[in-house]
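We count ligands from 1, going down the list as the structure has it; atoms in each ligand are counted the same way. Predicted model only: the values in this text are computed from it and were never measured.
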Amino acid sequence: MTEKKVPFTLEQIKEVIKQYPTPFHIYDEKAIRINVRNFLKAFNWASFKEYFAVKATPNPSILKILKEEGCGTDCSSLPELIMSEKVGITGENIMFSSNETPAKEYLKAKELGAIINLDDISHIPFLEKHCGIPEIISFRYNPGPLRKGNPIIGDPVESKYGYTRPQIFEGFKLVRDKGAKRFGLHSFVISNELNRASYVETAYMLFQLAVDLKNEIGIRLEFINLSGGIGIPYSPEQTAVDLFVLSEEVKQGYEQLIVENGLHPLKIFSECGRMITGPYGYLVSTALHKKDIYKQYIGLDANMANLMRPAFYGAYHHITVMGKENAPHDRVYDVVGSLCENNDKFAIDRKLPAIDVGDILVIHDAGAHGFSMGFNYNGKLRSAELLLKEDGSVELIRRAETIEDYFATLDFSKL
Ligand SMILES: *Cc1c(COP(=O)(O)O)cnc(C)c1O
């Protein structure tokens, strides 16, 4: 079970709304810092580093907070690389885990000194041709039929990512011949997974592969990248992954496979996104309309373009009606946005307190893959992003889009 709380009161958020109209995303700095510290502490037995998956929450103020806590970034596009650079995250503090990558993105990654994590064996000659083989290189492994995925990421056999097992061996021999000296291994086969065992299984799989690479072709890995995919309890019925137990289980695998086989020290990396910021971001909106037809609807000023997970994945996101936290939840509503798409619903048949027009609704767990998945369909503009700072003050960390932004790529003078 997870208690769903909001880090501000009705009065506090009303003050914020006076300055920044709804809808907006707001992130809780203090909670993010505590969470990351906890994560790093859990893995402090290892030479461990978290590369925050920028795609989850691509905002420089968030990246700066994570940098201060000792994280690097996991990037997969040129703008993500440049955002990291602008925040001062460079060199081996960047993991470039891209796929279907254009040459200019590899060039930028190389220029920044990032660790390049190649998605395919055919990218070895591609990389060589465009920027040379770097001294440090990592490969993404797809275990195919050897592993089951999970409902979000799907079956590895159906996944476009990574090298097959034989290609991992062939690839490392190839890059070694071409001068690479430092090697890493990555795999990402689960997503939003609350079952610790799946993540631990990935660790064992990669540790075993590290042993096989040493024994069969004499490649000694410098790091294993367990990637992201740790889930969060979107629903109050779910429970967060216990990071200390998870770490203890990974440690057992490390001792059994890595230490026993003389491969210690081996660095351990992660590329979590969702689990780092997800629970600490909230989409704040106002009820604009109430509609009573075959069902009861609450129409918000936010919509699927601000947070697509409910409409796209049917995902549950908890909703708090501010000031009515303790009122009886004796109404059943569909809480909807304004897109001309009938799936633009934040909640279907949700038990909530009686809602009035003007009430402030807070949608939970929007801190990762929330704002960042936003889009402009139907001429909807992206919202602002705010930071609730440790001292309780609120800072605008991205202004809301304007109609001028929306029109910026058009030239009406040519009509
Ligand atoms: C999306 C992604 C992540 C982060 O996943 P989370 O589910 O947010 O932890 C990490 N690595 C890669 C390569 C990704 O594509």
field: Distance filter under 4.0 Å to A53 heavy atoms, resulting ligand 1 atoms
entry: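 In order of number, 3 (C), 4 (C).
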field: Which of the ligand 1 atoms, numbered from 1, are nearer than 4.0 Å to a heavy atom of R140
entry: 13 (C)
query: Do Y377 and E341 meet the criterion of a side-chain donor-acceptor pair at a distance under 3.5 Å?
result: yes
Residue pair I137 / A180: nearest heavy atoms and the distance that separates them: CG2-CB, 4.0 Å
Specify the protein heavy atom at minimum distance from [atom]: its residue, its atom name, and the distance to 0.1 Å.
atom: atom 10 (C) of ligand 1; value: E271 O, 3.0 Å
atom: atom 15 (O) of ligand 1; value: K55 NZ, 2.7 Å
atom: atom 5 (O) of ligand 1; value: F188 CZ, 3.6 Å

Proximity flag C272 to ligand 1, non-hydrogen atoms under 4.0 Å: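 Heavy atoms of C272 do come under 4.0 Å of ligand 1.
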- request: Find out whether the Lys NZ or Arg CZ of R182 is both under 6.0 angstrom from the six-membered ring centre of F223 and within 45° of the ring's axis.
  value: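 The answer is no, since R182 fails at least one limit relative to F223.
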- request: Measure from NZ or CZ of R140 to the centre of the six-membered ring of Y161 and say whether it is under 6.0 Å with the direction within 45° of the ring axis.
  value: yes
message: Donor-acceptor pair, distance only, cut-off 3.5 Å: does the side chain of Q238 make one with the backbone of S235?
response: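 Judged by distance alone, yes, a pair lies under 3.5 Å.
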- prompt: Under 3.5 Å between some N or O of ligand 1 and some N or O of M275?
  reply: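 Between M275 and ligand 1 (N or O atoms, distance only) the closest approach is not under 3.5 Å.
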query: Are there more than 12 heavy atoms of other residues, nucleotides or ligands under 6.0 Å from atom NZ of K110?
result: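 It does: K110 NZ has more than 12 such atoms within range.
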- prompt: Where's the contact between A56 and ligand 1, heavy-atom distance under 4.0 Å: side chain, backbone, both or neither?
  reply: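 A56 to ligand 1: no contact under 4.0 Å from either part.
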- prompt: Given that the side chain starts at C-beta and the backbone is N, CA, C, O, which of these parts of H369 lies under 4.0 Å from ligand 1, counting heavy atoms, or is it both or neither?
  reply: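 Just the side chain.
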- prompt: Less than 6.0 Å separating the ring centroids of F139 and F172?
  reply: yes
